[in-house]
Colleague: 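Let me begin by handing over the structure; questions about it come next.
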Amino acid sequence: MNIILLGPPGAGKGTQSAALVERHGMRQLSTGDMLREAVKEGTPVGLEAKAVMDRGELVSDDIVSRLVDENLAAMPAEQGAIFDGYPRTAGQADDLDRILAKNDRSLDHVIELEVDVEALVERITGRFSCAKCGALYHETANPPAKEGVCDVCHSTEFKRRPDDNEETVRTRMDEYRAKTAPILPGYEARGIVQRVDGMDAIEDVAKAIDAILKC
Ligand code: AMP
């Protein structure tokens with residue numbers, strides 16, 4: 001099973017991908033996470049991508065498609081892939097078709113998380129994660145059970161993404177509208193697009209996704 005989770009920044013793609021990994025042993029391929037890792041490690045890709053990411057613009061198709069290609073090739077054939085935050089342009093959608101074909105895989109579902117764009121700004125600017133294990137939280141919608149302590153690993157260190165500020169978020173939304181939303185009609189023509197209300201509670205969104213995947 002290979003699926004794309006599509007939706008503007010803050011729609012819940014990362015949260016739902018993590019839940020799918022947990023429930024079904026699928027692998028999350030998040031180009032945002034791969035790029036943040038490259039920035040942290042100071043690799044040539046990271047050095048090139050950092051300023052673009054800080055502005056909320058899109059990193060080049062070549063870079064992100066190469067990252068996806070490398071990561072998918074390293075996966076066992078039987079493990080399902082969740083593409084999270086990729087593809088984001090028409091060029092990347094074409095690249096993904098080629099990468100999947102090369103790996104004898106095909107696309108089963110494109111799930112679009114539909115959201116109210118204004119509510120997203122609040123959602124994004126309130127989110128943070130555990131600095132140790134990466135568990136995701138939100139100040140009001142999904143705080144840790146005990147304030148200041150990670151539910152998963154009990155660390156007391158948290159962090160925020162540098163691009164989760166209002167100005168950058170607005171640029172990221174614009175990029176989504178201009179470059180990512182236009183790839184949906186191509187997938188619709190293949191009959192593989194399904195929509196889920198991304199404003200629902202996290203568990204309800206997860207149930208709706210499971211119903212689509214029939215598992
Ligand atoms: P995300 O974690 O998916 O919100 O991505 C964070 C940032 O990484 C984006 O604002 C882009 O600058 C960059 N990025 C992530 N995925 C892609 C992609 N598929 N294409 C281009 N840039 C990307």
Side-chain angles (χ1 to χ4, degrees), residues 2-21 27-72 81-100 107 110-113 115 117 119-131 134-138 159-184 186-187 198:
N2 301 291
I3 66 170
I4 296 176
L5 284 187
L6 210 67
K13 302 185 297 290
T15 300
Q16 293 300 330
S17 298
L20 282 167
V21 167
R27 165 102 189 265
Q28 174 189 15
L29 294 174
S30 156
T31 42
D33 285 350
M34 292 172 200
L35 289 167
R36 277 184 288 279
E37 189 62 31
V39 170
K40 204 168 92 190
E41 307 261 302
T43 67
V45 162
L47 294 176
E48 193 179 329
K50 184 172 185 330
V52 180
M53 293 171 75
D54 284 348
R55 288 196 301 271
E57 294 166 9
L58 293 185
V59 174
S60 79
D61 290 352
D62 282 355
I63 288 184
V64 289
S65 292
R66 191 154 17 95
L67 289 172
V68 170
D69 196 0
E70 285 164 9
N71 277 270
L72 194 70
I82 309 154
F83 298 97
D84 161 10
Y86 179 90
R88 261 174 153 104
T89 65
Q92 292 176 25
D94 291 342
D95 290 343
L96 179 58
D97 283 339
R98 270 193 300 276
I99 294 168
L100 286 169
L107 207 48
V110 176
I111 301 176
E112 188 193 12
L113 298 172
V115 279
V117 170
L120 289 187
V121 176
E122 198 258 290
R123 228 194 223 193
I124 296 189
T125 51
R127 70 186 182 181
F128 61 99
S129 64
C130 172
L136 300 171
Y137 297 101
H138 187 276
K159 62 179 182 182
R160 282 174 193 271
R161 284 173 43 171
D163 57 347
D164 277 352
N165 61 78
E166 182 161 351
E167 192 190 342
T168 310
V169 168
R170 298 233 178 247
T171 307
R172 287 158 65 201
M173 301 287 181
D174 291 344
E175 291 282 64
Y176 181 82
R177 263 192 295 265
K179 298 177 185 160
T180 308
I183 69 179
L184 265 165
Y187 289 127

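Remember, it's 1-based here, ligands and their atoms both numbered in the order they're listed. All values below were derived from every heavy atom in this structure, side-chain atoms included, with hydrogens, water molecules and symmetry-related copies excluded.
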Colleague: Rounded to the nearest 0.5 Å, what separation is found between the CZ atom of Arg66 and the CD1 atom of Ile99?
Modeller: 11.0 Å
Colleague: If you measure from the Lys or Arg side-chain nitrogens to the Asp or Glu carboxylate oxygens, is any gap between Asp174 and Arg177 under 4.0 Å?
Modeller: yes
Colleague: Based purely on interatomic distance, does Asp33 place a nitrogen or oxygen under 3.5 Å from a nitrogen or oxygen of ligand 1?
Modeller: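 In this structure, Asp33 places no N or O atom under 3.5 Å from an N or O of ligand 1.
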Colleague: Does Arg98 form a salt bridge (charged side-chain N to carboxylate O under 4.0 Å, His left out) with Asp95? I'd like the steps, not just the answer.
Modeller: CA-CA 5 Å; Arg98 270 193 300 276; Asp95 290 343; 2.5 Å; yes
Colleague: Report yes if Gly85 has an N/O atom closer than 3.5 Å to an N/O atom of ligand 1; otherwise report no.
Modeller: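 Yes, there is a polar N/O contact under 3.5 Å.
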Colleague: Only heavy atoms of Leu35, strictly under 4.0 Å: list the atoms of ligand 1 that pass.
Modeller: 8 (O), 13 (C), 14 (N), 15 (C), 23 (C)
Colleague: Would you mind reporting whether Gln28 and Leu20 have side-chain heavy atoms less than 4.5 Å apart?
Modeller: no
Colleague: For atom 17 (C) of ligand 1, state which one of Thr31, Leu67, Leu96 supplies the nearest heavy atom.
Modeller: Thr31
Colleague: Run the salt-bridge test on Arg172 and Asp164 with the 4.0 Å N-O cut-off and return the result as yes or no.
Modeller: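 Salt bridge present between Arg172 and Asp164.
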Colleague: Provide the number and element of each atom of ligand 1 under 4.0 Å from a heavy atom of Arg172.
Modeller: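 Answer, ordered by atom number: 4 (O), 10 (O).
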Colleague: Assess Glu175 for proximity to ligand 1: is some non-hydrogen atom of it under 4.0 Å away?
Modeller: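 False for this residue.
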Colleague: When you measure from atom 18 (C) of ligand 1 to each heavy atom in Arg88, Arg55, Lys50, which option holds the nearest one?
Modeller: Arg88
Colleague: Find all atoms of ligand 1 within a distance of less than 4.0 Å from any non-hydrogen atom belonging to Met53, and give their numbers and elements.
Modeller: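 Close to Met53: 7 (C), 8 (O), 12 (O), 13 (C).
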Colleague: Between atom CG of Leu67 and atom CG of Asp62, what is the distance when rounded to the nearest 0.5 Å?
Modeller: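 Separation between the atoms: 11.0 Å.
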Colleague: Numbering the atoms of ligand 1 from 1, which are under 4.0 Å from a heavy atom of Asp163?
Modeller: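 Here the atoms of ligand 1 in question are 6 (C).
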Colleague: With a 4.0 Å heavy-atom cut-off (strictly under), which part of Val59 contacts ligand 1: side chain, backbone, both or neither?
Modeller: both
Colleague: Heavy-atom pairs closer than 4.0 Å: do any link ligand 1 to the side chain of Arg161, the backbone, both, or neither?
Modeller: side chain
Colleague: Just how far is it from atom CD1 of Ile4 to atom CG of Asp84, taken to the nearest 0.5 Å?
Modeller: 11.0 Å
Colleague: Out of all atoms in ligand 1, which are within 4.0 Å of some heavy atom of Glu57? Include the element for each.
Modeller: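 It comes down to these atoms of ligand 1: 11 (C), 12 (O).
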Colleague: How long is the span from the CD atom in Glu112 to the NZ atom in Lys13, to the nearest 0.5 Å?
Modeller: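 Atom-to-atom, Glu112:CD and Lys13:NZ are 10.5 Å apart.
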Colleague: May I ask you to list the atoms of ligand 1 that are less than 4.0 angstrom from any heavy atom of Gln92?
Modeller: 18 (C), 19 (N), 20 (N), 21 (C)
